Amino acid sequence: GFMPGPGMACYYATKAYVLRLTQSISEELRRRKSAVYIGALCPGPVDTEFGATADVHFRMPSLPSVEVASYAVDQMFLRKRLIIPGKPMKIMKFAARLAPESLLARACGFVNRSRPF
């Protein structure tokens, strides 16, 4: 949701939409002083059957699904709006703020390329 996704453009765009929707609803709830919590889990690659089913192979390591779920639950109890497990994705999110958009698109295309465009 933080990066462009050549080769998987609709998937990445959908993630960006869900992220922004979550952030917007969270702010609306805060302004209303609501007790309702909403957060977005942004783990990057997770070791599930998705990769094989979608024929996608990432060039960065996938996180174990149990580890991601455990971290997400812990962060939810802390009412975190943005939940990013693992150092690689935290670094990628930070780097995305510094890099030009064209470089981000090329890098993301390299990381998640499993078939030619």
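Computed from a prediction, not measured in an experiment: that's the story for all the values here.
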Indicate the atoms forming the closest heavy-atom contact of Ala96 with Leu104, along with that distance. O-CD1, 3.6 Å
Do the charged groups of Arg32 and Glu28 touch, with an N to O distance under 4.0 Å? no
Of the non-hydrogen atoms in Ser65 and Thr48, which two are nearest, and what is the gap between them? CB-CG2, 4.2 Å
Please indicate whether Arg79 has more than 12 foreign heavy atoms, meaning atoms of other residues, nucleotides or ligands, lying under 6.0 Å from its CZ. yes
Taking Tyr37 for its side chain and Lys80 for its backbone only, find out whether a donor-acceptor pair lies under 3.5 Å. yes
As an exercise, state the distance from OG1 of Thr22 to CD of Glu27, rounded to the nearest 0.5 Å. 13.5 Å
Are Met76 and Leu78 grouped together when hydrophobic residues (ILVMFWY) are joined by side-chain heavy atoms under 4.5 angstrom apart? no
Working to the nearest 0.5 angstrom, can you tell me the gap between Leu21 CG and Gln23 CD? 10.0 Å
Closest non-hydrogen atom pair between Pro85 and Cys42, with its separation: CD-O, 3.9 Å
Heavy atoms only: give me the nearest Leu19-Ala40 pair and the separation to one decimal. CD1-CB, 3.9 Å
Strictly distance-based, threshold 3.5 Å: is any side-chain N or O of Ser70 a donor or acceptor partner for the main-chain N or O of Val66? no
Which pair of non-hydrogen atoms, one from Pro43 and one from Met89, has the smallest distance, and what is that distance? O-CG, 3.2 Å
Would one find more than 12 heavy atoms of other residues, nucleotides or ligands at under 6.0 Å from atom NZ of Lys15? yes
Surrounding OH of Tyr17 (heavy atoms of other residues, nucleotides or ligands, distance under 6.0 Å), is the total greater than 12? no
Supply the atom-to-atom distance Leu82 CG to Lys90 NZ, rounded to the nearest 0.5 angstrom. 9.5 Å
Is there a continuous path of hydrophobic side-chain contacts, each under 4.5 Å between heavy atoms, that joins Ile25 to Val36? yes
Name of the residue among Ile83, Val46, Ile84 meeting side chain to side chain contact (heavy atoms under 4.5 Å, CB included) with Leu41: Ile83
Quick check: do Leu63 and Asp47 have side-chain heavy atoms less than 4.5 Å from each other? no
